[in-house]
Amino acid sequence: MELTHLDETGAARMVDVGDKQMTRRTAQAQAIVTMQPETLQKMLDGDMPKGDVFSCARIAGIMAAKHTSELIPMCHPLPIDSVEVALTPLPPDRVRIISTLRCTYKTGIEMEALTAASVAALTVYDMCKAIDRGMRVDKVMLLHKEGGKSGEYHYTEQKKK
């Protein structure tokens, strides 16, 4: 397998996408935040000291997606067409975050989707840490992607060997 982010001397480089075709691309990622059941209930009741956790996390995820190339060294800045960040309570003790991003460009939007889900999850933690420092962010993963040379990808649970 060719390592595209290394030059012939082994130095890091940003891949040249100048000759690639523009295609419609979609990526979907998730993150799960696990917490005490009481914490989730306070979020659902709108009784958190810092305010509306879901709205703040959704905005943070959208903002993070737009800044991914500033955070991940080899990411290209992308003309993002849309960002959706959905937070779904999973009682008794979890919130599932799913980000869905679209663009028409020469390279994929997976890192932006992963960044959006991750930062939204970290924002849930930040908004709730005063009452629950034991929260955990898990299962950050790419769920789906389509477009580009490599085609479609769908996450499937893999059995451990």
Side-chain angles (χ1 to χ4, degrees), residues 3-5 12 14-15 25-105 107-148 150 152-161:
L3 300 175
T4 59
H5 285 79
M14 190 171 186
V15 174
R25 296 162 185 267
T26 301
Q28 188 173 67
Q30 80 161 17
I32 305 284
V33 183
T34 304
M35 62 199 65
Q36 295 296 319
E38 298 80 19
T39 305
L40 179 59
Q41 193 56 56
K42 281 183 173 283
M43 283 192 327
L44 296 175
D45 292 344
D47 192 25
M48 294 303 290
K50 288 188 174 183
D52 183 346
V53 175
F54 286 1
S55 291
C56 191
R58 187 175 303 107
I59 292 166
I62 292 166
M63 290 175 63
K66 296 183 339 179
H67 290 280
T68 300
S69 67
E70 296 170 29
L71 301 169
I72 312 284
M74 302 303 165
C75 281
H76 291 80
L78 300 182
I80 298 172
D81 294 329
S82 67
V83 180
E84 297 172 31
V85 178
L87 290 91
T88 305
L90 301 174
D93 63 353
R94 292 177 294 146
V95 173
R96 184 178 193 210
I97 300 160
I98 295 183
S99 64
T100 306
L101 282 76
R102 291 180 181 79
C103 74
T104 302
Y105 198 59
T107 190
I109 196 162
E110 297 91 345
M111 293 308 300
E112 288 75 7
L114 288 160
T115 299
S118 298
V119 171
L122 293 173
T123 301
V124 169
Y125 186 97
D126 180 57
M127 297 284 291
C128 301
K129 70 183 180 216
I131 63 168
D132 188 354
R133 292 205 186 270
M135 288 176 289
R136 196 176 67 235
V137 175
D138 291 310
K139 298 192 178 182
V140 176
M141 66 182 77
L142 182 66
L143 297 174
H144 172 77
K145 78 116 198 135
E146 60 187 58
S150 64
E152 283 197 47
Y153 166 83
H154 293 278
Y155 174 79
T156 55
E157 194 73 36
Q158 299 181 7
K159 304 219 186 249
K160 294 182 180 180
K161 294 180 182 183

* Structure fact -> Separation between CG (Asp132) and CE (Met43), nearest 0.5 Å, reads 9.5 Å
* To do: Among Ile98, Ile62, Leu101, find the residue that satisfies the side-chain contact (heavy atoms from CB on, under 4.5 Å) test when tested with Val85.
  => Ile62
* **Separation of Thr39 OG1 from Gln41 CD (nearest 0.5 Å)** => 10.5 Å
* **Between CG on residue Leu40 and CE on residue Met135, distance to nearest 0.5 Å** => 11.5 Å
* Expected output: side-chain Ser99 to main-chain Ala113 donor-acceptor under 3.5 Å -> yes
* Using 4.0 Å as the upper bound for N to carboxylate O, is an ion pair formed by Glu110 and Arg25? -> no
* **Closest approach of Thr107 to Leu78 (non-hydrogen atoms, all atoms of both residues)** => CG2-CD2, 3.5 Å
* **Smallest separation among heavy atoms of Ala60 and Val119, with atom names** => O-CG1, 3.7 Å
* Can you check side chain to side chain contact (heavy atoms under 4.5 Å, CB included) on Phe54 and Leu44, steps first, answer last? -> CA-CA 9 Å; Phe54 286 1; Leu44 296 175; 4.3 Å; yes
* Determine the minimum heavy-atom distance between Lys50 and Met127, stating which atoms define it. => O-CE, 3.4 Å
* Any sub-3.5 Å donor-acceptor pair from His144's side-chain atoms to Tyr155's backbone N or O? -> no
* Neighbour count >12 (heavy atoms, 6.0 Å) for atom CE, Met48 -> yes
* Is a donor on one side and an acceptor on the other found under 3.5 Å between the side chain of Tyr125 and the backbone of Gly134? -> no
* Roughly how far, to the nearest 0.5 Å, is the NZ atom of Lys66 from the CD1 atom of Ile80? -> 8.0 Å
* Where the side chain of Lys145 meets the backbone of Gly147, is there a donor-acceptor pair that is under 3.5 Å apart? -> yes
* Would you mind checking if Lys42 and Asp47 are paired as a salt bridge, meaning a charged N to carboxylate O distance below 4.0 Å? => yes
* Cationic N near anionic O, under 4.0 Å, Arg94 to Asp138 -> no
* **Glu112 CD to Leu71 CG distance, which is reported to the nearest 0.5 Å** => 10.0 Å
* Taking all non-hydrogen atoms of both residues into account, name the closest pair between Ala57 and Thr123 and its distance. => CA-CG2, 3.7 Å
* Heavy atoms only: give me the nearest Asp93-Gln36 pair and the separation to one decimal. => CB-C, 4.4 Å
* Is a side-chain N or O of Gln30 found less than 3.5 angstrom from the main chain of Arg96, in a donor-acceptor match? -> no
* **Non-hydrogen atoms of Leu142 and Gln28 that approach each other most closely** => CD1-O, 3.4 Å
* Asked: Given the rule in the side chain to side chain contact (heavy atoms under 4.5 Å, CB included) test, do Val124 and Leu87 qualify, once you have shown the distances and angles that lead to the verdict?
  -> CA-CA 10 Å; Val124 169; Leu87 290 91; 3.9 Å; yes
